[in-house]
Amino acid sequence: MSKPPELIMSLNVSDGKQALEFYAQAFGAEPVESVFTEEGILLHAEMKVGESRLMFSSEIPEMDAPSAARVGASPTLQCIETDEVDALYEQAVAAGAEVLMPLADQFWGARCATLRDPFGYRWNLTKQIREVSAEEVIRGAKEMMG
């Protein structure tokens, strides 16, 4: 029996060693593997966040692999869903994550926050707290956008 496909996102970071430390402190990520060159360039890292995997490497612009910090932003949003969202939020902020949207109950039925890590990536920390209809979400979005 073959293994079904699995999607694993991989980030390019400006400082591989710092990223290993930050993701461990901020999100409780556990190291699985990391490979550095003699010059200290992180070629590959894998960490576990709960049952999920996070992969990343140092940026190598000459191989078309810049970091979000180098290009000024990232269009992606990484999401961590957890029942312990309040504790994870406090942990990530204490580790140095920048708060973009403070932790609060939202109109779409989640308690969530958006943070930016030191490498330019945005993270959404969330916990579903109630079921919301599509109509409620649309109404809440219209109110939010004015």
Side-chain angles (χ1 to χ4, degrees), residues 4-37 40-130 132-146:
E6 179 180 9
L7 175 64
I8 304 166
M9 305 301 287
S10 183
L11 308 174
N12 297 321
V13 296
S14 54
D15 185 324
K17 185 175 184 295
Q18 184 185 8
L20 284 164
E21 294 168 3
F22 175 81
Y23 294 135
Q25 290 175 356
F27 305 130
E30 298 174 6
V32 174
E33 173 182 44
S34 58
V35 179
F36 285 88
T37 66
I41 296 170
L42 177 64
L43 295 176
H44 172 76
E46 182 177 334
M47 299 183 88
K48 286 197 70 145
V49 180
E51 294 299 314
S52 302
R53 291 189 285 166
L54 169 64
M55 291 185 180
F56 54 95
S57 60
S58 292
E59 66 177 350
I60 306 174
E62 47 283 345
M63 292 183 69
D64 197 25
S67 68
R70 180 176 296 275
V71 297
S74 172
T76 65
L77 176 66
Q78 287 60 240
C79 300
I80 298 176
E81 188 170 330
T82 177
D83 287 339
E84 305 301 324
V85 70
D86 289 74
L88 187 60
Y89 173 81
E90 293 300 327
Q91 182 177 316
V93 171
E98 175 189 357
V99 176
L100 301 178
M101 181 181 80
L103 184 65
D105 295 351
Q106 303 296 334
F107 66 85
W108 56 86
R111 180 164 179 74
C112 74
T114 305
L115 308 173
R116 181 178 294 122
D117 70 21
F119 316 102
Y121 293 99
R122 294 176 305 131
W123 293 81
N124 189 284
L125 308 181
T126 187
K127 173 185 178 180
Q128 194 65 30
I129 55 174
R130 64 185 179 89
V132 180
S133 71
E135 292 80 17
E136 287 178 276
V137 172
I138 291 167
R139 186 171 48 252
K142 283 181 180 178
E143 290 172 9
M144 182 182 77
M145 291 184 230

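Count residues from 1 along the sequence.
Residues Thr114 and Trp123 form no side-chain contact, since every pair of their non-hydrogen atoms from C-beta on lies 4.5 Å or further apart. Annotation: side chain of Ser57 is not in contact with side chain of Leu43 (no heavy-atom distance under 4.5 Å). With a 4.5 Å cut-off on side-chain heavy atoms, Pro118 and Gln18 count as touching. Residues Glu46 and Ser34 form no side-chain contact, since every pair of their non-hydrogen atoms from C-beta on lies 4.5 Å or further apart. Trp108 is not listed as a side-chain neighbour of Val132, based on a closest heavy-atom distance of 4.5 Å or more. For the pair Phe36 and Leu20, the minimum side-chain heavy-atom distance is below 4.5 Å. Between Asp105 and Ile129, some side-chain heavy-atom pair lies under the 4.5 Å cut-off. In this structure, Leu54 and Leu11 have side chains that are in contact, with non-hydrogen atoms separated by less than 4.5 Å.
Scanning all heavy atoms of the two residues, the minimum distance from Gly16 to Leu42 falls at CA-CD2, 3.6 Å. In this structure, Ala29 and Val49 approach most closely via the heavy-atom pair CB-CG2, 3.8 Å. Closest of all the heavy-atom pairs between Ala113 and Pro102 is CB-C, 3.9 Å.
Among residues two or more places apart in sequence or in another chain, the side chain to side chain donor-acceptor pair (under 3.5 Å) test is passed with Glu90 by none. Residues passing the side-chain contact (heavy atoms from CB on, under 4.5 Å) test with Thr82 are Glu84, Val85, Leu88, sequence neighbours excluded.
Using a cutoff of 4.0 Å between basic side-chain nitrogens and carboxylate oxygens, Asp86 and Arg111 are scored as salt-bridged.
With values rounded to the nearest 0.5 angstrom, Asn124 atom CG is found 8.5 Å from Leu115 atom CG. The distance from the SG atom of Cys79 to the CE atom of Met9 is 10.5 Å, given to the nearest 0.5 Å. One distance of note links OG of Ser67 with OH of Tyr121; it measures 6.0 Å at 0.5 Å rounding. To the nearest 0.5 Å, atom CG of residue Leu77 and atom CZ of residue Arg122 are 5.0 Å apart. With values rounded to the nearest 0.5 angstrom, Met47 atom CE is found 11.0 Å from Phe27 atom CZ.
Within the structure, salt bridge (Lys or Arg N to Asp or Glu O under 4.0 Å) contacts touching residues 55-69 (residues at least two apart or in different chains) are Glu59-Arg70. For residues 4-25, the salt bridge (Lys or Arg N to Asp or Glu O under 4.0 Å) pairs, not counting sequence neighbours, are Lys3-Glu6, Glu6-Arg53, Lys17-Glu21. Applying the ring pair (Phe, Tyr, Trp, His ring centres under 6.0 Å) test to pairs two or more places apart or on separate chains, those with a residue in residues 40-62 are Tyr23-Phe56. Residue pairs satisfying the ring pair (Phe, Tyr, Trp, His ring centres under 6.0 Å) criterion with at least one member in residues 59-96, sequence neighbours excluded, are absent.
Without hydrogens or angle criteria, Gln91 side chain to Gln25 main chain gives a donor-acceptor distance under 3.5 Å. Although no hydrogens or angles enter the test, the distance criterion places a donor-acceptor pair under 3.5 Å between the side chain of Gln128 and the main chain of Arg130.
For Met144, the CE atom sits in a packed shell: over 12 heavy atoms of surrounding residues, nucleotides or ligands are nearer than 6.0 Å.
With hydrogens and angles left out, the side-chain atoms of Thr76 and Gln78 include a donor and acceptor closer than 3.5 Å.
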